[in-house]
Novice: 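One structure, as structure tokens, below. Some questions next.
Model, not experiment: these values are computed from the prediction. As a basis for the values below, the full set of heavy atoms in this structure was taken, side chains included, without hydrogen atoms, waters or symmetry mates.
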Amino acid sequence: MSLTKIKEPFRNKKIDLDDLNVDKKRKATKPFLTIKRIWSYLIIEKLKLSLVILMVIMSSALSLLGPFLIGVTIDDFISTKESSGLLTLLLFLGLVYFGHSISVFLQNFWMVGIAQNTIYDLRESLFEHFHELPIAYFDENLHGELMSRVTNDIDNINNTLNQSVIEIFTSVLTLIGTLAVMLYLSPLLTLITMSIVPLMIFAMRWITSRTGPLYKLQQKRLGIVNGYVEEAISGQHVIKTFSQEERVIREFSERNTSLNHASFWAMLFSGFIPKVMNLLNFLSFGLIALFGGILAIKGQITVGVIVIFTEYARQFTRPLNELSNQFNILLSAIAGAERVFDVLDTLPETKDEKNAKELSKIKGHFEFKDVTFAYKNTKTLNQLNFSVLPGETIAFVGHTGAGKSTIFNLILRFYNYQSGSITLDGIELKNIKRANLRTHMSFVLQDSFLFSGTIKENIRYGRLNATDDEVVEAAKKANAHDFISHLEQGYNTVLDDSGSGISQGQKQLLTIARAFIAEPTILLLDEATSNIDTITEIKISEALHTLMINRTSFVIAHRLNTIRNADKIIYLSQGEIIEVGSHEDLMKLRGEYYQLYANPLTTH
């Protein structure tokens, strides 16, 4: 490999200063709040946590007792050449180190259990909260980036709880105990040994002040990379169809390079810590050897004390080393935990009104009065007024961005309208509990979505207590029964979430069957037949016509021939109603709908 290739990954290692400045502003308060919140999960395991703390105290005490006994052995037996009692002391020393090993094993054993339970609760809370968030949150955030919080960020926390918590606690206790014993043996030599501590603190602060923001930036950019990968994998058909492989690879490379830069600097700065600490450690040994030897010659301390100090100096700097190393890991975990808590702190979908009611039965009479809605600052619907009688089929047409899907989002209460009113059987939608409202509806998306599982389970998802016979009947209504019967495993055929093994049209048939089995009063069909061939479309249209009897149905369709029989067709343009009427009425009008019907290739 050439030197140029070796150097290539380390070129142009630049970090966005604005990103770092943002993180520095948050660094002063956020970590402590995050640690406090993690502690609220840990404290649930009070008994195990108490045992871990007890074992940490025991192991720290025994680690201090060992070197002290070695110093006693040197002064009382080796220097004096006295062998009586030496064997007993050595046996006791062996028991001390054995007890230390047992206490370390137990603390690790119990801490693993605490960590796993904590991560379990945290992951459970995060997943549950995802289902409480409004649809708007998922529309505004990359799904892969959200996945990164459930996987990478929580794994970071898990690794820290398994490793860093005990190490930090042990290091703190060891530092305190070591300092106390050193002061007892020789205050002067302790003062000399501790002279390097300010250098250690300065070095640690200088390095960690840079690694904290860098770890935060690393986690942020990792989420961006994961989000882009998820998007690219999901859109492979589109990417290959339009021959955009090179552009996608280039854009991924840019994001990957950005992550690489952040990771490089984070690892580089964190790697300085053990090197600096080792240098200061050697300096400490030199000071002990020099000044300890002088004090021993003057008879102020013994050779055993010098040996104890040498070992304690190592024990004192080793916890500082551990603290500095674990502090970097802790910063990385805190960065991940902040991203997890950011999701948990996102306000859930607004709660139902206090007077919201549940409806056991509905007729399906809708009234839209002066309904206005805007996504953030972009107005999408402007003072809509129309009504739908029970059992009517109403279709929405218009060019892309006219507001068709937005109306569906309002009916399903995925979003709340800003002004006006929408009533169902005379009751304001906001006064009906969301979950109850949606039980009366079935929604078929333009892009079919199947869950991992059998065909039978996917159809039954519309009504979990449906019998096998009802599943088959729903499939027949959706004209899916024939192709299912020809599959080797039939209704027990296992599909993955992408529905591989069956065609796009067949997947759509299954999602329609899922809607049928729910036996809704209200149907919402968003481009329900857009991915189905013409022959299947005719069969589905017939099945839908039968299903729509006595049901209020809302339809969005690109293929205008599928809505010819709609009771009412509403032509939308830029969030406003332009034309309303039946197919025949609008064709006679020879207006926008007529033009759209006459030019079916026009984007709409």
Side-chain angles (χ1 to χ4, degrees), residues 29-65 95-132 149-180 212 215 219 315 318-320 322-346 348:
T29 56
K30 195 91 173 190
F32 300 105
L33 295 176
T34 304
I35 291 172
K36 184 178 179 181
R37 291 185 67 172
I38 295 175
W39 176 254
S40 69
Y41 285 87
L42 288 171
I43 199 64
I44 296 173
E45 301 272 357
K46 291 182 181 178
L47 177 60
K48 285 185 179 178
L49 200 59
S50 299
L51 291 173
V52 169
I53 293 173
L54 179 63
M55 290 299 103
V56 169
I57 293 173
M58 183 181 297
S59 64
S60 299
L62 292 175
S63 68
L64 291 173
L65 183 58
L95 289 174
V96 167
Y97 284 118
F98 178 75
H100 177 266
S101 300
I102 294 296
S103 61
V104 169
F105 170 79
L106 290 175
Q107 71 190 31
N108 287 329
F109 176 79
W110 284 319
M111 193 63 208
V112 166
I114 294 172
Q116 291 307 309
N117 290 337
T118 299
I119 293 304
Y120 175 88
D121 292 339
L122 193 58
R123 190 180 285 116
E124 192 105 326
S125 298
L126 184 61
F127 188 76
E128 287 179 6
H129 194 68
F130 273 144
H131 293 282
E132 296 173 355
R149 305 191 187 207
V150 182
T151 53
N152 294 325
D153 292 330
I154 285 189
D155 281 345
N156 256 346
I157 301 171
N158 184 29
N159 293 334
T160 300
L161 292 179
N162 279 321
Q163 303 171 14
S164 301
V165 172
I166 289 179
E167 291 291 346
I168 290 173
F169 191 32
T170 301
S171 297
V172 171
L173 285 179
T174 302
L175 284 174
I176 296 172
T178 302
L179 183 60
Y215 275 120
Q219 291 302 113
Q315 288 201 165
R318 185 175 60 201
L320 287 178
E322 289 295 334
L323 280 174
S324 57
N325 290 330
Q326 296 303 327
F327 193 69
N328 279 306
I329 298 174
L330 184 63
L331 286 174
S332 178
I334 289 174
E338 284 182 4
R339 285 161 45 81
V340 171
F341 291 136
D342 280 343
V343 176
L344 292 175
D345 290 340
T346 301

Novice: So which atom in Met55 and which in Ser103 form the shortest heavy-atom distance, rounded to 0.1 Å?
Specialist: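 Smallest interatomic distance, heavy atoms only, reads CB-O, 3.6 Å.
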
Novice: Please report the closest heavy-atom contact between Ile157 and Ala333, naming both atoms and the distance.
Specialist: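 Heavy-atom minimum between the residues: CG1-O, 3.9 Å.
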
Novice: In Å, rounded to the nearest 0.5 Å, how long is the span from CZ of Arg123 to CD of Glu128?
Specialist: 13.0 Å

Novice: Passes side-chain contact (heavy atoms from CB on, under 4.5 Å), Ile114 versus Val52? Steps please.
Specialist: CA-CA 10 Å; Ile114 294 172; Val52 169; 3.9 Å; yes

Novice: What I want to find out is whether Arg37 reaches Asp345 closely enough, with some N-O distance under 4.0 Å, to be called a salt bridge.
Specialist: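 Between Asp345 and Arg37 there is a salt bridge, with a charged N closer than 4.0 Å to a carboxylate O.
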
Novice: Do you know the tightest heavy-atom contact between Ser59 and His100?
Specialist: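 Closest approach of Ser59 to His100: O-CD2, 3.0 Å.
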
Novice: Could you grab the distance from atom CG of Leu49 to atom CG of Leu54, nearest 0.5 Å is fine?
Specialist: 11.5 Å

Novice: Where is the tightest heavy-atom contact between Leu344 and Leu122, given as atom of each residue plus distance?
Specialist: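 Taking Leu344 first and Leu122 second, the nearest heavy atoms are CD1-CD1, 4.3 Å.
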
Novice: So how far is it from Ile53 CD1 to Thr170 OG1, rounded to the nearest 0.5 Å?
Specialist: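 Ile53 CD1 to Thr170 OG1: 11.0 Å, rounded to 0.5 Å.
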
Novice: Quick one: does any side-chain atom of His129 pair with a main-chain N or O of Thr346 as donor and acceptor, under 3.5 Å?
Specialist: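 Indeed, once roles are kept as given, a pair shorter than 3.5 Å links the two residues.
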
Novice: Can you label the angle between the Phe109 ring and the Phe105 ring as parallel, tilted or perpendicular, going by 30° and 60°?
Specialist: parallel

Novice: Under 4.5 Å between any side-chain heavy atoms of Glu338 and Leu33, yes or no?
Specialist: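 Of all side-chain heavy-atom pairs linking Leu33 with Glu338, none is under 4.5 Å.
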
Novice: Kindly determine whether Asn117 and Lys48 satisfy side-chain contact (heavy atoms from CB on, under 4.5 Å), including the steps that lead there.
Specialist: CA-CA 11 Å; Asn117 290 337; Lys48 285 185 179 178; 4.3 Å; yes

Novice: Are the side chains of Val56 and Ser60 in touch, meaning some heavy atoms are under 4.5 Å apart?
Specialist: yes

Novice: Taking atom OH as the centre, does Tyr97 end up with more than 12 heavy-atom neighbours from other residues, nucleotides or ligands that are less than 6.0 angstrom away?
Specialist: yes

Novice: Under a 4.5 Å cut-off applied to non-hydrogen side-chain atoms, are Tyr41 and Ser125 in contact?
Specialist: yes

Novice: Check step by step if side-chain contact (heavy atoms from CB on, under 4.5 Å) holds for Leu161 and Leu42.
Specialist: CA-CA 9 Å; Leu161 292 179; Leu42 288 171; 4.1 Å; yes

Novice: Nearest 0.5 Å, please: how far is OG1 in Thr178 from CG in Leu173?
Specialist: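 These two atoms lie 10.0 Å from each other.
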
Novice: With rounding to the nearest 0.5 angstrom, report the CD1 to OG1 distance, Ile43 to Thr118.
Specialist: 10.0 Å

Novice: Of Ile38, Val150, Thr34, Leu126, which is the lone residue that meets side-chain contact (heavy atoms from CB on, under 4.5 Å) with Val340?
Specialist: Leu126

Novice: How long is the gap from CZ on Phe130 to CZ on Arg149, to the nearest 0.5 Å?
Specialist: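 With rounding to 0.5 Å, CZ (Phe130) is 7.5 Å from CZ (Arg149).
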
Novice: Counting distance only, does the side-chain N/O of Asn108 pair as donor-acceptor with the main-chain N or O of Val104 below 3.5 Å?
Specialist: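 Yes; at least one donor-acceptor contact below 3.5 Å.
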
Novice: The test is side-chain contact (heavy atoms from CB on, under 4.5 Å); show your working for Trp110 and Leu47 and say whether it passes.
Specialist: CA-CA 10 Å; Trp110 284 319; Leu47 177 60; over 6 Å; no

